[in-house]
Amino acid sequence: MNTHGPRVRIAPSPTGEPHVGTVYIALFNYLFAKKMGGEFILRIEDTDATRSTPEFEQKVLDALKWTGLTWAEGPDVGGPYGPYRQSDRKEMYQPYAQELLDKGHAFRCFCTPERLEQMREAQRAAGKPPKYDGLCLHLTAEEVTSKMAAGESSVIRMKIPTEGSCDFHDGVYGDVSIPWDSVDMQVLIKGDGMPTYHMANVIDDHLMKITHVARGEEWLASVPKHILLYRYFEWEQPVFMHLSLIRNADKSKLSKRKNPTSISYYSALGYLPEALMNFLGLFFIQIAEGEELLTMDELCEKFDPDNLSKAGAIFDIQKLDWLNGRWIREKLSPEDFVARTLEWASENNRLTEGLKLSQSRISKLGELPQLAGFLLSNDVGLTPASFAGLKTSPAETLEILNTVQADLEKLMEWNVETIDAELRAVSDKLGKKLRVVTPPLFVAMSGSSRSLPLFDSMALLGRSVVRQRLKIAATVVASMVGAQESGK
Ligand code: GLU
């Protein structure tokens with residue numbers, strides 16, 4: 001372990017498919033640690049128990065491993081400041097919350113969700129931003145004790161100065177000043193005893209001796225709460241660096257509604273991790289045209305935290321495609337290329353499982369690419385003709401595709417059983433038989449009405465590819481609906 005250099009971390013929450021933005025921030029931290037002779041560590045922030053799942057945690061680990069990044073400490077490799085999963089640290093946060101209560105920096109709040117909702121409603125109606133109004137700040141010690149004794153449920157909130165502003169220096173943004181009256185009396189410990197992100201994040205960064213916190217700019221507004229906690233505990237605060245988010249070409253936030261954002265989508269389509277990291281790494285460094293093709297070592301060499309690129313991170317998929325093509329053609333030996341292709345085809349067992357599903361459906365092996373090729377291909381070539389043979393009208397097909405897409409987003413676990421149950425539920429909701437709902441989905445997934453069993457295929461394709469195919473299918477079918485309407 002390096003005891004002198006900086007210690008940085010990536011702290012993902014396992015609440016969904018690992019996002020390209022997470023890898024972008026991870027890469028920054030990794031390059032920073034490498035460049036400065038420090039350590040890069042991984043911490044899982046699963047304080048949101050309703051949205052965090054073991055499946056997503058595994059996916060976060062798999063995605064980060066796929067990128068080729070390595071971490072010195074983490075839930076999988078251990079380390080001197082573990083555990084590295086916040087749910088395993090639950091008991092560690094309590095004494096700190098008590099310390100804040102004892103020092104008068106925090107208070108118990110007994111407001112019910114209904115009261116808080118009414119309060120927010122009134123604030124909204126008055127055109128004010130929703131913020132806790134401090135009702136429970138004024139409870140006496142006796143009132144708190146008697147409410148506790150009566151078993152009333154409570155949370156612990158932090159006190160916030162009423163005047164002045166929080167002024168700090170951000171390593172990327174420069175000097176920042178945020179007025180205290182815009183900062184909410186943040187809940188630190190929830191009713192169930194779990195800390196919130198803010199509380200756990202600050203305590204863990206301190207206990208894990210994190211020196212630099214580099215993360216997405218969406219956290220900039222939270223810095224005053226964090227700085228205040230460091231002050232309350234009398235701890236030295238880390239250096240903050242808030243990186244601009246990756247954006248679409250139209251400057252909107254990269255979101256899965258517009259573009260695929262999951263790492264699993266890019267790996268399923270056959271992007272090389274080196275190319276994706278090369279692409280993301282270019283957001284941080286200043287280079288001349290013609291110097292774009294860079295390995296991780298070269299990125300590290302050129303990375304300079306004092307001279308970061310000012311260009312903004314635009315997710316230009318054509319540039320990623322171009323870099324990926326160059327990596328395939330220029331950086332892989334023929335042997336590597338073959339090995340990497342076989343590895344890619346076998347990802348998530350899709351080759352083996354796809355073959356097993358195919359066995360009962362062919363009479364010659366040569367029929368396999370036609371039958372099962374959709375499990376590997378990037379584009380199943382959907383056109384209006386692909387949907388023309390369906391019994392449902394284009395408008396009905398569109399409703400099915402859109403409803404299925406939205407409802408599948410709610411699945412916490414992704415497997416044959418959960419998909420099966422969800423599609424049955426969608427059929428009921430639409431008042432249609434399952435055998436009416438599935439044909440459009442067969443076409444959306446495979447481009448053909450004759451293919452492998454639907455639920456198994458969707459499970460093998462994975463959430464992010466299924467989402468994208470449903471979206472493409474919906475676009476094609478919407479054009480049919482539009483054409484029909486304009487023809488009327
Ligand atoms: N758990 C937070 C996230 O998922 C981490 C933010 C931070 O790095 O402080 O983005």
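Side-chain atoms are counted along with the backbone in the values below, which use heavy atoms only and exclude waters and symmetry mates. All ligand and atom numbering here is 1-based and tracks the order in the structure. In what follows, residues are counted from 1 in the order of the sequence shown.
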Where ligand 1 meets [X] - atom numbers and elements under 4.0 angstrom, heavy-atom basis:
X	answer
R215	7 (C), 8 (O), 9 (O)
N201	7 (C), 9 (O)
S13	1 (N), 4 (O)
E45	1 (N), 2 (C), 5 (C)

Item checked: Under-4.0 Å salt bridge between D204 and R9 ->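 No salt bridge links D204 with R9.
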Tell me, which protein residue and heavy-atom name are nearest [atom], and how many Å apart are they?
atom	result
atom 10 (O) of ligand 1	W219 NE1, 3.4 Å
atom 8 (O) of ligand 1	R9 NH1, 2.6 Å
atom 9 (O) of ligand 1	Y197 OH, 2.8 Å
atom 5 (C) of ligand 1	A11 O, 3.2 Å

Margin query: Could you check whether D48 and T50, counting side-chain N and O atoms only, form a donor-acceptor pair closer than 3.5 Å?
Written below: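 On atom types as modelled, these side chains qualify, holding a pair under 3.5 Å.
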Check: Who passes salt bridge (Lys or Arg N to Asp or Glu O under 4.0 Å) against K331, sequence neighbours left out?
Finding: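 Partners of K331 under the salt bridge (Lys or Arg N to Asp or Glu O under 4.0 Å) test: none.
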Note to self: With side chain to side chain donor-acceptor pair (under 3.5 Å) as the rule and sequence neighbours excluded, what pairs involving residues 268-286 come up?
What the structure shows: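 The answer is Y271-D321, E274-R340, N278-W327, Q286-N307.
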Notebook entry, point to check: With a distance cut-off below 6.0 Å to the six-membered ring centre and an angular limit of 45° from the axis, does K147 pair with F110 as a cation-pi contact?
Noted result: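 Yes, a cation-pi geometry.
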Check: If only atom types and distance count, is the side chain of S13 paired as donor or acceptor with the main-chain N or O of E45 below 3.5 Å?
Finding: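 Present.
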